[in-house]
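Just so it is clear, the structure is predicted and the values come from calculations on it, not from any experiment.
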Amino acid sequence: KSAGVDASVGNPDSDGDSARTTPWRSKTNCQSQGLLPGSGTMKIPDNMALRFHNTLSQQSEEFTPARDNTVRMYTCGPTVYDFAHIGNFRTFTFVDLLRRWLRASGFRLDHVMNVTDVDDKIIRNATAQHKSLEEYTEIYTKAFLEDCATLRLEGPERLVRATAHIDDMAAAIERLNAGGHTYQSD
């Protein structure tokens, strides 16, 4: 469930203009964003393309989805060993801004964010408090989601717990190792 402004994708203008549009909830917000009078939509100029640095090509490149018009993205979520602090939310605020920009630019989203609910610190703290991993991490996961709602950050389409995918991670590591893409460490 997403919190915050409903910025679902609208259709391009009927007059053939190639600028993309998106509806906004608040009239005040629409007026402050320099929207077309009476249209309730924000125009995004074509010359404001999103660009990322491609580490493979070492070039700044205009972003386009790998297939169709859906942006598939994975982002790291919290490691839920304690309550998140305001500094932790810088990352999640950036992701929220990116999500909103992508949708306002006409893309659909398939965003997956993990919750790291197992690591050495979590195991140590849960053991010290005589709790299961699930009991221990549920408190901090719930608090994180409540804080995101308070900050009006949109949620991902899928929120997954690391503990639900341990076998998948082990299989991926085995495939990487079989392909010679890993190294041994002491």
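- Ring-plane geometry between Phe63 and Phe107 is classed as perpendicular, the angle between the planes exceeding 60 degrees on a 0 to 90 degree scale with a lower cut at 30.
- Leu98 places none of its side-chain heavy atoms less than 4.5 Å from the side chain of Thr75.
- Looking at Lys131 and Glu138, no side-chain N of the basic residue comes within less than 4.0 Å of a carboxylate O on the acidic one, giving no salt bridge.
- In plain terms, the two heavy atoms of Phe92 and Cys76 that are nearest each other are CE2-O, 3.5 Å.
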Distance-only donor-acceptor hits, side chain of residues 170-186, under 3.5 Å, sequence neighbours excluded:
| unit_1 | atom_1 | unit_2 | atom_2 | d |
| --- | --- | --- | --- | --- |
| Asn177 | OD1 | Thr182 | OG1 | 2.5 |
| His181 | NE2 | Gly179 | O | 3.3 |

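- Separating the OG1 atom in Thr79 from the NZ atom in Lys121 is a distance of 9.0 Å, to the nearest 0.5 Å.
- To the nearest 0.5 Å, atoms CZ (Arg158) and CG (Asn114) are separated by 12.5 Å.
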For residues 51-61, which side-chain donor-acceptor pairs fall under 3.5 Å, sequence neighbours excluded?
| unit_1 | atom_1 | unit_2 | atom_2 | d |
| --- | --- | --- | --- | --- |
| Arg51 | NE | Ser60 | OG | 3.4 |
| Arg51 | NH2 | Ser60 | O | 2.8 |
| Asn54 | OD1 | Leu56 | N | 2.7 |
| Asn54 | OD1 | Ser57 | N | 3.2 |
| Asn54 | ND2 | Glu61 | OE1 | 3.1 |
| Asn54 | ND2 | Glu61 | OE2 | 3.4 |
| Ser57 | OG | Gln59 | N | 3.3 |
| Ser57 | OG | Glu61 | OE2 | 2.5 |
| Gln58 | NE2 | Thr55 | O | 2.6 |

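- Among all heavy-atom pairs drawn from Asp96 and Arg152, the shortest one is OD1-O, 4.1 Å.
- With Asn69 contributing its side chain and Gly106 its backbone, the two residues share a donor-acceptor pair below 3.5 Å.
- Under a hydrophobic-cluster definition in which Ile, Leu, Val, Met, Phe, Trp and Tyr are linked whenever side-chain heavy atoms come within less than 4.5 Å, directly or via other members, Val80 and Ile86 are assigned to different clusters.
- When all heavy atoms of Arg99 and Pro156 are compared, the closest pair comes out as NH1-CA, 3.9 Å.
- Across every non-hydrogen atom of Leu109 and Thr70, the tightest pair is C-CG2, 4.2 Å.
- Nearest heavy atoms, Ser132 versus Ala126: O-CB, 4.2 Å.
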Show your reasoning for whether side-chain hydrogen bond (donor to acceptor under 3.5 Å, both in side chains) applies to Asp117 and Thr163. CA-CA 6 Å; Asp117 58 348; Thr163 52; 2.6 Å; yes
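- No hydrogens or angles considered: nothing links the side chains of Asp119 and Tyr81 as a donor-acceptor pair under 3.5 Å.
- Alongside Tyr74, the hydrophobic cluster contains Val112, Val160 (criterion: ILVMFWY side chains under 4.5 Å).
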Evaluate Glu157 against Arg108 for salt bridge (charged side-chain N to carboxylate O under 4.0 Å, His left out), listing each step before the verdict. CA-CA 11 Å; Glu157 281 67 33; Arg108 289 184 306 274; over 6 Å; no
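- The environment of CD in Glu134 is sparse: at most 12 heavy-atom neighbours from other residues, nucleotides or ligands sit within 6.0 Å.
- For the atom pair His111 NE2 and Glu154 CD, the distance stands at 10.5 Å (nearest 0.5 Å).
- Judged by distance alone, with hydrogens and angles left aside, the side-chain atoms of Tyr140 form no donor-acceptor pair with the main-chain N or O of Ala84 at under 3.5 Å.
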